[in-house]
Engineer: 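I'd like to ask some things about the structure below.
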Amino acid sequence: MDTEQLASTAKTLVAPGRGILAADESNGTMSRRLESIGVEPTAESRRDWRQLVFTADGFAEYVSGVIMFDETIRQSADDGRRLADILSDAGVIAGIKVDRGTVALAGAPGELVTEGLDGLRGRLAEYHDMGARFTKWRAVISIGDRTPSDYCINANAHALGRYAALAQEAGLVPIVEPEVLMDGSHSIDSCYRATERTLNRVFEELSAQGVDLEGIILKPNMVISGHESPDRASAAEVAERTLACLKENVPAAVPGIAFLSGGQGDEEATVNLDAINRLAADEGAPWEVTYSYGRALVATALRTWGGSGANVGEAQNVLLERCRLTSAARRGTYSPAPAGGLS
Ligand code: 13P
């Protein structure tokens, strides 16, 4: 394991001004998103969408790395170049999702565990040969009356540790993603407790399994109210609770925190990231604080495209504008658009 190389890749991914795009929707999820805009979901239409995103002129100014799905890393653009090469030619690091999704956790009604460890060493070697330099594994924790259970947190934390150790062995930076879901009507306090319990167990496993913390990126949820909470916390409270939880539970050796958007709207995800970064600058957080958003970066651009070649340029402009605003939030310099116009 080349620890210096891993640490250098991790640092580049979370360096100031840029963040990560999660374009690793599974074929099932990406197909549902295409259907929602009236586009027939095929390997070709999924490729057309990713090509639009990766070739947006100036994208690399805001995006340090892109997480791809297995299908995408094997696809090529209209000009014959591999999509992974289009990214690296533009100065964007290619990444790959290596988990195989979630299944019901036996004995834990309503809870999920992430699969994908079998054969992972071989798949990681192949992805490294294809140009990937970082990876992602997403564990999902849900909040309910009796959940998350210790059993679910333990099972997922153990799998994250095994994945991260294997990724580093293969020379790939692991993005460690324990996502506490926003689904439900829970309070920000419940989210804080579930996130704290989860992060604690994850870092115990990373340590027990010999993972070098300087060569990982943590991709957590923000500490935030549930979508259906009757009393959703403000951005200032989200920032305060998120930073408090991370400072308590994330070692300073981790180079960067890259938040998921988790179903927040694009404006909400931008405002919250901005508030967190302003507070992190005031308080002197020990790690970089950036984004690894999927929906919050691309949802509006996807609707603008609508599957029509005639809309590619306009969709790319919409994408770049959202990337620019999110990058401003990553620096803590975002100012919301005045009513009726873009900022
Ligand atoms: P969202 O930002 O849409 O939550 O996607 C990030 C991600 O990679 C979830 O696994």
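Residue numbers run from 1 in the order of the sequence given. Start at 1 and go down the list; that is how both ligands and their atoms are numbered. These numbers come from the heavy atoms of this one structure, side chains and all, not from hydrogens, waters or symmetry mates.
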Engineer: Can you list the ligand 1 atoms lying under 4.0 Å from a non-hydrogen atom of Lys136?
Structural biologist: 7 (C), 8 (O), 9 (C), 10 (O)
Engineer: May I ask which of Gly263, Ala258, Gly294 has a heavy atom nearer to atom 5 (O) of ligand 1 than the others do?
Structural biologist: Gly294
Engineer: Quick one: nearest non-hydrogen protein atom to atom 1 (P) of ligand 1, plus distance?
Structural biologist: Ser261 OG, 3.3 Å
Engineer: Run the contact test for Ser292 against ligand 1 with a 4.0 Å cut-off on heavy atoms, strictly below, and give the result.
Structural biologist: yes
Engineer: So, Glu111 side chain and Thr147 main chain: donor-acceptor pair closer than 3.5 Å or not?
Structural biologist: no
Engineer: Is any side-chain N of the basic residue among Lys97 and Glu25 closer than 4.0 Å to the acidic one's carboxylate O?
Structural biologist: no
Engineer: Salt bridge or not between Arg278 and Asp274? Use side-chain N to carboxylate O under 4.0 Å.
Structural biologist: yes
Engineer: Tell me the nearest of Arg295, Gln264, Lys219, Glu179 to atom 8 (O) of ligand 1, using heavy-atom distances.
Structural biologist: Lys219
Engineer: Give the residue, atom name and distance (to 0.1 Å) of the protein heavy atom nearest atom 4 (O) of ligand 1.
Structural biologist: Gly262 N, 2.7 Å
Engineer: Tell me the side-chain hydrogen bond (donor to acceptor under 3.5 Å, both in side chains) pairs involving residues 206-222, sequence neighbours left out?
Structural biologist: Thr195-Asn221, Glu205-Gln209, Lys219-Ser292
Engineer: N/O of Tyr293 under 3.5 Å from N/O of ligand 1, yes or no?
Structural biologist: no
Engineer: Mind checking side chain to side chain donor-acceptor pair (under 3.5 Å) for Asp145 and listing every partner two or more places apart, or none if nothing turns up?
Structural biologist: none
Engineer: Identify, for atom 9 (C) of ligand 1, the protein heavy atom at the shortest distance, and state residue, atom and that distance.
Structural biologist: Glu177 OE2, 3.2 Å
Engineer: Are Arg123 and Glu126 ion-paired here, with the side-chain N under 4.0 Å from a carboxylate O?
Structural biologist: no
